Amino acid sequence: MIDKKDRMEVATFQKPKKGNYHSGDSYFYIETDDGFLCALADGLGSGEVAKDSADAVIGVIKAGYTKPLDELVHLANEALVGHHLRGCVLGILRVNYRDQSYSYVSIGNISVIAVDHYGKKKRNIPVPGYLSGVKKSVKVHNGELQNGAVFFMFSDGVNERKLTKEFYSHQTMDLTIQWFTLQQEHYMDDDTTLIAMKYSK
């Protein structure tokens, strides 16, 4: 799916694990006058039970998306306390249009990659583990926003080793997703979500 916002072009690909109707991944993004936020959650396991956990986490992020990233992670963690829900891994990216910066946080195996207009990649090092209601330390990473910067966020259903230079070099996000889709001849071994985002002033 392609969604062209005011300053962000967003393309998404999602596919459930083979044999499942529901994807255990859930995502949310929003653009405001001040900036852009995208979050991707992956519930532990697969199917409907995993989806419930991911949806609960994304629900609290939707409700409080203006809050600082570390606070959003804390709220997401609290959402998993005292329910039938399993754990969840999470990545959140925030782009600030006013001060031309970006920041991101990742808990567990959600990958966040920033590519500047020179094609140089910056890959996050996520905090290991997952959210389960137990207090978790958070490290927020920051960077300078450049015109033409591209961001990628994906769950562990994406095999990063198969993402070639061609994948990262497309100038439009629809071509990026088309390239990725053509590589997927069969259902993946895990729920798969890929979000590609390009910033333009």
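Source: prediction; values computed, not measured.
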Report the distance from atom [atom1] of [X] to atom [atom2] of [Y], rounding to the nearest 0.5 Å.
{"X": "Lys198", "Y": "Glu9", "atom1": "NZ", "atom2": "CD", "answer": "7.0 Å"}
{"X": "Tyr102", "Y": "Glu144", "atom1": "OH", "atom2": "CD", "answer": "9.0 Å"}
{"X": "Leu194", "Y": "Phe13", "atom1": "CG", "atom2": "CZ", "answer": "8.0 Å"}
{"X": "Arg94", "Y": "Cys38", "atom1": "CZ", "atom2": "SG", "answer": "12.0 Å"}

If Ile, Leu, Val, Met, Phe, Trp and Tyr residues are connected whenever their side-chain heavy atoms lie under 4.5 Å apart, and connections chain through other members, are [X] and [Y] in the same group?
{"X": "Val138", "Y": "Leu69", "result": "yes"}
{"X": "Val57", "Y": "Ile30", "result": "yes"}
{"X": "Ile92", "Y": "Val127", "result": "yes"}
{"X": "Val140", "Y": "Leu131", "result": "yes"}

Taking C-beta and beyond as the side chain, do [X] and [Y] meet within less than 4.5 Å on heavy atoms?
{"X": "Lys122", "Y": "Tyr104", "value": "yes"}
{"X": "Asp42", "Y": "Leu90", "value": "no"}
{"X": "Val10", "Y": "Phe36", "value": "yes"}
{"X": "Ile195", "Y": "Phe152", "value": "no"}
{"X": "Tyr29", "Y": "Met197", "value": "no"}
{"X": "Thr192", "Y": "Gln14", "value": "no"}

Pair Phe151-Val112, side chain to side chain contact (heavy atoms under 4.5 Å, CB included): steps then yes or no: CA-CA 7 Å; Phe151 301 93; Val112 183; 5.7 Å; no
Verdict with supporting geometry, Val95 and Leu145, side chain to side chain contact (heavy atoms under 4.5 Å, CB included): CA-CA 8 Å; Val95 178; Leu145 182 64; 3.4 Å; yes
How would you list, by chain and number, every residue that makes a ring-ring contact (aromatic ring centres under 6.0 Å, His included) with [X], sequence neighbours excluded?
{"X": "Tyr130", "result": "none"}
{"X": "Tyr65", "result": "none"}
{"X": "Phe28", "result": "none"}
{"X": "Phe154", "result": "none"}

With sequence neighbours excluded, residues passing salt bridge (charged side-chain N to carboxylate O under 4.0 Å, His left out) with Asp52: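 None.
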Please enumerate all residues that pass side chain to side chain contact (heavy atoms under 4.5 Å, CB included) together with [X], with sequence neighbours excluded.
{"X": "Lys201", "value": "Gln100, Asn147, Tyr199"}
{"X": "Lys139", "value": "His141"}
{"X": "Ala56", "value": "Leu85"}
{"X": "His74", "value": "Glu78"}

Test item: side-chain donor near acceptor, Ser101 and Asn96, under 3.5 Å: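 The criterion, which ignores hydrogens and geometry beyond distance, is not satisfied for Asn96 and Ser101.
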Thr193 and Asp25 side chains, donor-acceptor separation under 3.5 Å: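 Judged by distance alone, the side chains do pair up.
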Intermediate values then yes/no, side chain to side chain contact (heavy atoms under 4.5 Å, CB included), Val73 and Ile107: CA-CA 9 Å; Val73 172; Ile107 308 291; 4.1 Å; yes
Pairs touching residues 31-40 that satisfy side chain to side chain donor-acceptor pair (under 3.5 Å), sequence neighbours left out: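 Every side chain to side chain donor-acceptor pair (under 3.5 Å) pair that includes a residue of residues 31-40, provided the two are not neighbours, is Glu31-Tyr97, Asp34-Arg98.
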Contacts of Ser26 that satisfy side chain to side chain donor-acceptor pair (under 3.5 Å) - sequence neighbours left out: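 For Ser26 the side chain to side chain donor-acceptor pair (under 3.5 Å) partners, ignoring immediate neighbours, are Asp55.
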Contacts of Ser111 that satisfy side chain to side chain donor-acceptor pair (under 3.5 Å) - sequence neighbours left out: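 Partners of Ser111 by the side chain to side chain donor-acceptor pair (under 3.5 Å) criterion, ordered by chain and then number, come out as Arg123.
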Taking all heavy atoms of [X] and all of [Y], pick out the closest pair and write down the distance.
{"X": "Leu44", "Y": "Cys88", "result": "CG-N, 4.0 Å"}
{"X": "Ser103", "Y": "Asn142", "result": "CB-OD1, 3.3 Å"}
{"X": "Leu72", "Y": "Leu37", "result": "CD1-CD1, 4.1 Å"}
{"X": "Ser53", "Y": "Gly43", "result": "CB-CA, 4.3 Å"}

Stepwise side chain to side chain contact (heavy atoms under 4.5 Å, CB included) check, Ile113 with Val150: CA-CA 8 Å; Ile113 296 176; Val150 180; over 6 Å; no
